[in-house]
Amino acid sequence: MRNLWLITGLGNPGINYSKTRHNIGFRVIDRISEKYNIQLSEKDLYMIGKGVIEGNDCILLKPLTYMNRSGLAVHKALKKNNFLPAESLSNLIVIQDDLDLDTGIIKIRLNGSSGGHRGIESIIQETGTNDFVRVKIGIGRDRGLATEKFVLSCFSVSEQDIIKNAIINGACAVVDIIVSGLVKAMNRYNKRPVASPLNE
């Protein structure tokens, strides 16, 4: 029996939010969906698609509950696909934006606190564990703008190429976790400067 992975990108549904900093997780899921021809369809609390990534059975998920209630959708998907009950969710990968990383920087982390991210906080609360993999993508920070407004702002023109590469590299990082293992992926991606995409 092959391993089953649940890959969740965090964001807010709706065209008004689609290009905002908070929606980088959704955009990485879209990249993976396109590359591996995994079609997503709406099912109650989420967009979901099942497929195969480099020989591994995977589920792609985009919560439709808005960021602060992401855990409701993730918990339902985990339960429906027999990930729960479990003390560890090592086969859950969550792609999130991160204010504390420079724009485009990628950091992979296993477990730990939410770091103030409401989507991660909701997942921890609903699942009862913080033991899952996060792929963090830096969105920078504007100290002169309230956090709530900044995360819902769009990337500047000067950031567009950086973000394009970050989305591609974020998708590659997810695949690398699945194929090569967490440790190798962390060594390869953590705080690596944005470089040429690994897989065009």
Side-chain angles (χ1 to χ4, degrees), residues 1-11 23-38 40 48-63 70 74 77-78 81-84 86-115 117 119-120 123-124 127 129-140 161-200:
M1 183 177 178
R2 294 189 295 191
N3 252 349
L4 177 63
W5 294 83
L6 179 63
I7 305 163
T8 301
L10 298 186
N23 270 43
I24 196 80
F26 273 16
R27 295 174 71 180
V28 173
I29 289 292
D30 290 342
R31 168 69 183 182
I32 298 171
S33 169
E34 179 183 359
K35 182 171 177 57
Y36 290 95
N37 194 29
I38 301 173
L40 277 70
I48 191 169
K50 298 183 180 181
V52 177
I53 295 176
E54 306 299 336
N56 296 272
D57 294 320
C58 295
I59 298 169
L60 302 183
L61 191 78
K62 293 165 68 172
S70 298
V74 174
L78 286 167
N81 290 280
N82 301 315
F83 285 86
L84 294 174
E87 292 183 6
S88 170
L89 292 172
S90 56
N91 275 33
L92 169 63
I93 300 173
V94 180
I95 309 154
Q96 63 167 107
D97 58 290
D98 194 301
L99 284 161
D100 295 321
L101 295 174
D102 290 339
T103 304
I105 295 296
I106 294 172
K107 184 177 182 180
I108 300 169
R109 180 180 181 183
L110 175 64
N111 63 48
S113 70
S114 67
H117 193 287
I120 297 295
I123 293 171
I124 293 172
T127 63
T129 181
N130 63 8
D131 194 10
F132 54 88
V133 180
R134 303 98 188 265
V135 175
K136 302 182 175 189
I137 301 179
I139 60 169
D161 285 344
I162 295 173
I163 288 305
K164 180 181 177 182
N165 273 0
I167 289 167
I168 295 171
N169 285 328
C172 290
V174 169
V175 174
D176 211 11
I177 292 167
I178 294 170
V179 174
S180 303
L182 184 63
V183 173
K184 287 185 178 179
M186 290 174 75
N187 289 337
R188 187 169 294 156
Y189 286 91
N190 280 2
K191 293 199 173 182
R192 184 185 68 176
V194 174
S196 298
L198 295 182
N199 293 311
E200 285 289 1

Let me see the working for N82 and L4 under side-chain contact (heavy atoms from CB on, under 4.5 Å), right down to the final yes or no. CA-CA 10 Å; N82 301 315; L4 177 63; over 6 Å; no
Decide yes or no for I48 and I59: does some side-chain heavy atom of the first lie under 4.5 Å from some side-chain heavy atom of the second? yes
Between OG on residue S90 and CH2 on residue W5, distance to nearest 0.5 Å: 6.5 Å
About how many Å separate CZ of R27 and CD1 of I163, when rounded to the nearest 0.5 Å? 7.0 Å
Stepwise, does the salt bridge (Lys or Arg N to Asp or Glu O under 4.0 Å) test hold for D100 with K136? CA-CA 10 Å; D100 295 321; K136 302 182 175 189; over 6 Å; no
I177 and A185: which non-hydrogen atoms are nearest, and at how many Å? CG1-CB, 3.6 Å
Note, D176 side chain near Y189 side chain (heavy atom, < 4.5 Å): yes
With heavy-atom distances below 4.5 Å as the criterion, would you say the side chains of V135 and V28 are in contact? no
Evaluation steps, side-chain contact (heavy atoms from CB on, under 4.5 Å), between H117 and L10: CA-CA 10 Å; H117 193 287; L10 298 186; 3.7 Å; yes
Any chance CG of D102 has more than 12 other-residue heavy atoms, nucleotides or ligands included, within less than 6.0 Å? no
Euclidean distance, L92 CG relative to N81 CG, rounded to 0.5 Å: 11.5 Å
Give a yes or no answer on whether the side chain of S33 reaches the backbone of I38 with a donor-acceptor pair at less than 3.5 Å. yes
Give the minimum heavy-atom separation between I124 and S114, together with the two atoms involved. CD1-N, 4.0 Å
For the residue pair S113 and R134, what are the closest heavy atoms and their distance? O-NH1, 3.0 Å
Does any part of the side chain of N91, heavy atoms only, come nearer than 4.5 Å to the side chain of L6, both counted from C-beta? no
Straight-line distance of L110 CG to I93 CD1, nearest 0.5 Å: 10.5 Å
With rounding to the nearest 0.5 angstrom, report the CD1 to CZ distance, I167 to R31. 9.5 Å
Please tell me if the side chains of V52 and D57 come closer than 4.5 Å, counting only heavy atoms from C-beta onward. yes
So do I7 and I29 actually touch side chain to side chain, heavy atoms under 4.5 Å? yes
Which atoms form the tightest heavy-atom contact between G170 and I137, and what is the distance? CA-CD1, 4.3 Å
side-chain contact (heavy atoms from CB on, under 4.5 Å) between N165 and D161, intermediate numbers included: CA-CA 6 Å; N165 273 0; D161 285 344; over 6 Å; no
Note, I53 side chain near I32 side chain (heavy atom, < 4.5 Å): yes
Find the distance between CD1 (I139) and CG (D97) and round it off to the nearest 0.5 Å. 4.0 Å
Within the structure provided, determine whether N190 and I108 are in side-chain contact (heavy-atom separation under 4.5 Å). yes
I'd like to know whether Y36 forms a side-chain contact (heavy atoms from CB on, under 4.5 Å) with V175, so could you lay out the CA-CA distance, the side-chain angles of the two residues, the decisive distance to 0.1 Å, and finally the verdict. CA-CA 11 Å; Y36 290 95; V175 174; 3.7 Å; yes
Between K107 and D98, does any side-chain N to carboxylate O distance fall below 4.0 Å? no
For V74 versus P63, what's the shortest heavy-atom pair and its separation? CG2-CG, 4.3 Å
Can you name the closest pair of heavy atoms from S88 and D131 and give their distance? OG-OD2, 2.9 Å
